[in-house]
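Input: a single structure, listed below in structure tokens.
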Number of protein chains: 2
Amino acid sequence: MAKRRTTQMSDVARAAGVSLMTVSNVLNGRPNVGADTRLRVLEVVDELGYEINLTARRLRTGRTGAVSLIVPRFDHQYYSELASRVSDALAPEGLHLVVEQSGAVRERELSALSLARLQQYDGVLLSAVGLGYDDLERMHPDVPIVLLGEQDVPDRYHRIQMNNTAGARLATDHLLACGARRIAVLGGRLESDRPDVATQRTEGWAAALRAADQEPDPALVIPVETFSLPEARAAIAARVSDGLDIDGVLGLTDEIAIGAMAGLRDVGRSVPDDVQVVGFDNLRISEHVAPGLTTIDPGHDAMVAEALRLLRQQMEEAATPPEHVVGTVALIERGSTLVRTARSSRSR
Amino acid sequence: MAKRRTTQMSDVARAAGVSLMTVSNVLNGRPNVGADTRLRVLEVVDELGYEINLTARRLRTGRTGAVSLIVPRFDHQYYSELASRVSDALAPEGLHLVVEQSGAVRERELSALSLARLQQYDGVLLSAVGLGYDDLERMHPDVPIVLLGEQDVPDRYHRIQMNNTAGARLATDHLLACGARRIAVLGGRLESDRPDVATQRTEGWAAALRAADQEPDPALVIPVETFSLPEARAAIAARVSDGLDIDGVLGLTDEIAIGAMAGLRDVGRSVPDDVQVVGFDNLRISEHVAPGLTTIDPGHDAMVAEALRLLRQQMEEAATPPEHVVGTVALIERGSTLVRTARSSRSR
DNA sequence: TTGAAAGCGCTAACAA
DNA sequence: TTGTTAGCGCTTTCAA
């Protein structure tokens, strides 16, 4: 493969009886070409089935027309929805999105290779769940880059993040207002060296409880290693059938919350009558499960818009001071929580 | 940007006091380098933070180490699960997956540009829902390529496809065996110029009905333009509240079937007691919705394995005769259909 | 074991 | 309006 020589610009030039530069000018839509010359060139291009070699163009110009989104996994809904939103937002600017997976692996050489890969794009959106603070500290990419995500990162990076604590607090306040008193936090983690999404959201849960004069009970913090739906389903089912007494669940993501609803069903609990459930992310699917999932909307569109603004800014001007944007959360009420009663409703 | 000159191989060579080729040899793990020289070079690489320019390497070698998967949309579960599977299967071979979106747009220039983009990869898996037969007929990519998908394509392409007709037949047989008699096909289409996923699966549905001495009723064929969950939900709800009498739904995809379950709920029908539902795809989420979705598993892993086999074969040897692989379907029974009664069960 | 020269296919800069 | 020259950063080839 790549053995048979493909037709190239010089072939087109020869066949059309013009110089190589004229072909280049035509294909790049530059104005300094006569109308008839342009036509002849395009004819020959079509005839020979010529396709420009983007690798050569890129080596020469340094530009690619492509932006990369790097996500930990392709098959978490959250990331595919993100990719879709980013792609839609880039299209009008003539940029094109390429999605790559970082995976969990951070082997020395793999990580080096992937850094080299970043340089192949005009800009990079890095959802850096898999990377630690130190990895980022060591990296000095020459590409415009914006970090998406919750974990702690060095200050020099541009960064967009959800308001995790406020969102989890809002969700927990809502569960309390709906009458729940024993609220588990599924996927939660009480402490870690560096703040990540799990600890931040667990903090929001704890803050809401304390504001309602409840001491957060560590027994209600149920870890979910992979943040995956099946693991969440199994975890909640196991705890409840072991006798854990709950009437509310804060799922740290919508996938976890949907898993929670399935797991509660597995052990004969009804949602929302026995146990109320709230998620976090407002995935598209969450509106369509049964019952509809009450959740926290992290302001997806605004976050994507901000991310692209920061990216564009860096692409236009090399050194812009790093910004740190935090999204605005909102509660979306659906059937997995009860209508607030007058007695238990509280002001926000 | 891209203005500030990045450190390159010649910088490393100078700093290490060796030639450029020695650096190249070290970085590519070639054997003809002395142990101490290798160490010194690696030290300098680390010190200068040198990263290889993959674009230059690619221009020179023609190889990229990357395979592209091109899907119509990022945010359909089916495609993100596919991406995940392909990525996992490529990793052991040292290849790396890049996912791009073809979109629905097929403007002349866009389509040409995207063809050029294909050449940037060592191989391409093209899920060509957006492209028509004629587009593919016109294309003569120089890259190893395997088409994934259901629509009609020129014979010269390697191609993997689900057994749509058999799958839909199996699903409909199952609904009949469970006692359903008025089975709608949501997302169905009775005819088109070229066979696509919708018509093939609708054919399977019709064949099953005919085998049970039912004449397929066109009123039971409910189109869903976008194959999206919300549209499916609205469509089934509208038909049923308009008085359409059904006791079974074949959703042409799992997303459509999940939408159907939500839509039926919206109009007060219970699944599976009033209406039984079967999907097609066996998405991961389908096991976790309420009730669990009975569906057709199209043999994902085998299809991915076959696709990569065909791709590898083309990468190793230029001209291999095109193969056309059809997957094997299987029924996955869950809560959205009733247990088969003795009376209505039938042999297959 | 190491190095010098040539060139992958394109475009920026400049010349005609 | 069109053409010539140089070179992007790397690897292949061949010579030392």
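Heavy-atom basis, side chains included; hydrogens, waters and symmetry copies ignored.
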Map B/Ala35 and B/Leu59 onto DNA chain C by nearest heavy atom, then report which one ends up closer to the 5' terminus.
-> B/Ala35

Side-chain contact test, heavy atoms from C-beta onward, threshold under 4.5 Å: evaluate it for B/Arg30 versus B/Ser24 and give yes or no.
-> yes

With B for base contact, S for sugar-phosphate-only contact and - for none (protein heavy atoms under 4.0 Å), nucleotides 10-16 of chain C reads BBBB---

Between D/dT2 atom P and A/Arg14 atom CZ, what is the distance in whole Å?
-> 19 Å

Under 4.0 Å between any heavy atoms, over every strand shown, what does B/Thr37 touch: base, sugar-phosphate, or nothing? Just pick one.
-> sugar-phosphate

Charged N to carboxylate O under 4.0 angstrom, A/Asp122 versus A/Arg63?
-> no

A/Ile70 pairs by side-chain contact (heavy atoms from CB on, under 4.5 Å) with which of A/Leu118, A/Ile145, A/Val98?
-> A/Leu118

Any Lys/Arg nitrogen of A/Arg159 or A/Glu323 sitting under 4.0 Å from an Asp/Glu carboxylate oxygen of the other?
-> no

Quickly work out the B/Asp142 CG to C/dG9 P distance and round it to whole Å.
-> 12 Å

For B/Asn32, does the CG atom have more than 12 heavy-atom neighbours from other residues, nucleotides or ligands under 6.0 Å away?
-> yes

Output, in order, the C-alpha distance, side-chain angles, deciding distance and verdict of side-chain contact (heavy atoms from CB on, under 4.5 Å) for B/His158 and B/Thr320.
-> CA-CA 9 Å; B/His158 292 255; B/Thr320 59; 3.3 Å; yes

Give a yes/no on whether any side-chain N or O of A/Thr22 is located under 4.0 angstrom from OP1 or OP2 of D/dT1.
-> no

For B/Ser19 and C/dT2, is the shortest distance between a side-chain N/O and OP1 or OP2 below 4.0 Å?
-> no

